[in-house]
Amino acid sequence: MHPKAAHPKEFLESKWKHAFTTFFDLDRNGLIEWKDFKDLIEVIGEVRGRRSDVFMTARLCLPDIWQKMTEAIGKEEEDIITLSDWIQLCESSRKSVREPAWQKAYVEYMFKLLDESGDHLVDQAEYVQVLGYFGVNRKDSSHCFDQFAFNHQGQLIHAIDKKKFHVLWKQFFHSEDPASPGNWLLGKKYKTQE
């Protein structure tokens with residue numbers, strides 16, 4: 001007898017919770033606040049330098065992403081986003097015909113953050129380093145990279161381009177299929193069986 005697969009909604013929500021706690025709620029207080037974004041800008045400045053392109057991008061993009069996220073759920077910019085709000089935001093994004101402005105801005109920002117060299121590719125070293133900023137250990141992030149970085153023939157590749165990144169991002173936030181390579185994009189393996 002085979003184990004029963006997790007309910008698709010539970011699977012999606014587990015991915016969304018990971019994104020919430022790992023990439024947004026940086027102080028781990030159970031809320032997304034503007035302070036989390038300011039702290040991320042500071043960390044990027046410390047790690048990459050205050051004159052780096054990625055720091056300047058963060059300073060420009062993160063306020064815009066925050067404004068678009070709060071606007072998308074009908075909150076003021078000085079408000080907070082709860083996990084429940086976040087799940088609602090992800091669910092409405094998934095059902096939307098067009099990619100919401102907050103998510104479009106965030107995926108563009110994340111690609112720039114991951115592409116440290118500026119060569120329009122994200123290689124494993126860049127991926128592992130950046131996920132480390134968010135507390136994902138080296139072994140897990142290396143393993144995750146190997147689960148999504150392959151070509152159409154199924155062969156491992158050294159780096160992914162922006163187009164592939166966008167496909168993986170959409171799979172992460174929208175796919176109910178536990179076998180989708182995008183499930184690995186944000187550095188975690190998800191429980192797919194009960």
Side-chain angles (χ1 to χ4, degrees), residues 5-26 32 36-37 40 58 61-62 65-66 68-69 72-73 81 83-116 120-124 126-152 154 156-157 159-193:
H7 187 277
K9 183 175 180 177
E10 291 170 5
F11 177 64
L12 278 170
E13 286 185 6
S14 72
K15 294 191 294 180
W16 297 339
K17 287 176 187 175
H18 170 69
F20 178 94
T21 58
T22 306
F23 296 92
F24 290 96
D25 180 20
L26 299 183
I32 304 174
D36 294 309
F37 283 69
L40 179 57
C61 293
L62 287 174
I65 293 165
W66 175 250
K68 287 175 177 164
M69 283 175 69
I73 56 173
I81 297 175
L83 178 58
S84 176
D85 293 332
W86 172 252
I87 298 292
Q88 175 188 345
L89 196 60
C90 291
E91 184 62 41
S92 73
S93 167
R94 185 171 173 264
K95 292 178 180 176
S96 179
V97 175
R98 290 188 350 199
E99 187 174 32
W102 74 268
Q103 197 165 68
K104 185 174 184 176
Y106 196 72
V107 69
E108 292 296 322
Y109 162 74
M110 281 298 289
F111 186 82
K112 288 177 186 173
L113 180 64
L114 289 163
D115 179 21
E116 182 180 18
H120 307 289
L121 297 170
V122 174
D123 64 38
Q124 188 171 32
E126 291 170 324
Y127 177 81
V128 168
Q129 179 184 18
V130 171
L131 264 63
Y133 302 160
F134 296 97
V136 179
N137 73 53
R138 185 175 210 71
K139 181 181 174 189
D140 289 348
S141 55
S142 290
H143 177 72
C144 288
F145 189 87
D146 289 343
Q147 302 308 305
F148 63 74
F150 50 84
N151 62 21
H152 295 296
L156 281 175
I157 54 177
I160 60 170
D161 62 15
K162 193 174 192 179
K163 182 178 178 182
K164 173 102 172 168
F165 185 79
H166 277 263
V167 169
L168 295 167
W169 184 272
K170 189 168 187 165
Q171 287 175 354
F172 180 88
F173 280 97
H174 297 192
S175 179
E176 296 176 345
D177 179 1
S180 290
N183 296 336
W184 299 88
L185 184 63
L186 298 184
K188 183 178 175 186
K189 180 179 191 250
Y190 298 92
K191 185 177 180 180
T192 58
Q193 298 176 337

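- For the pair L186/W169, a side-chain contact is recorded, criterion being any heavy-atom separation below 4.5 Å from C-beta on.
- Side chains of W184 and H143 form a contact here, defined as non-hydrogen atoms less than 4.5 Å apart.
- Ring to ring, F173 and Y106 are not that close: their centroids are 6.0 angstrom or more apart.
- Using a 4.5 Å heavy-atom cutoff, the side chains of E126 and L114 are not in contact.
- Here the side chain of K15 pairs no donor or acceptor atom with the backbone of E176 at under 3.5 angstrom.
- Between E108 atom CD and L113 atom CG the span is 13.0 Å, to the nearest 0.5 Å.
- Contact of the M110 side chain with the F23 side chain is registered, since non-hydrogen atoms from C-beta on lie closer than 4.5 Å.
- Checking side-chain atoms of T22 against main-chain N and O of A19 turns up no donor-acceptor pair under 3.5 Å.
- A donor-acceptor pair under 3.5 Å is formed between the side chain of Q124 and the backbone N or O of S142.
- Looking at H174 and S93, their side chains come closer than 4.5 Å, going by heavy atoms from C-beta outward.
- Proximity of a side-chain donor or acceptor of D140 to a complementary backbone N or O of N137 within less than 3.5 Å is not detected.
- Between the side chain of D115 and the backbone N or O of H120, at least one donor-acceptor pair lies under 3.5 Å.
- Distance alone, capped at 3.5 Å, is enough to place a donor-acceptor pair between the Y127 side chain and the L185 backbone.
- Distance NE2/H18 to CZ/F172: 5.5 Å, rounded to 0.5 Å.
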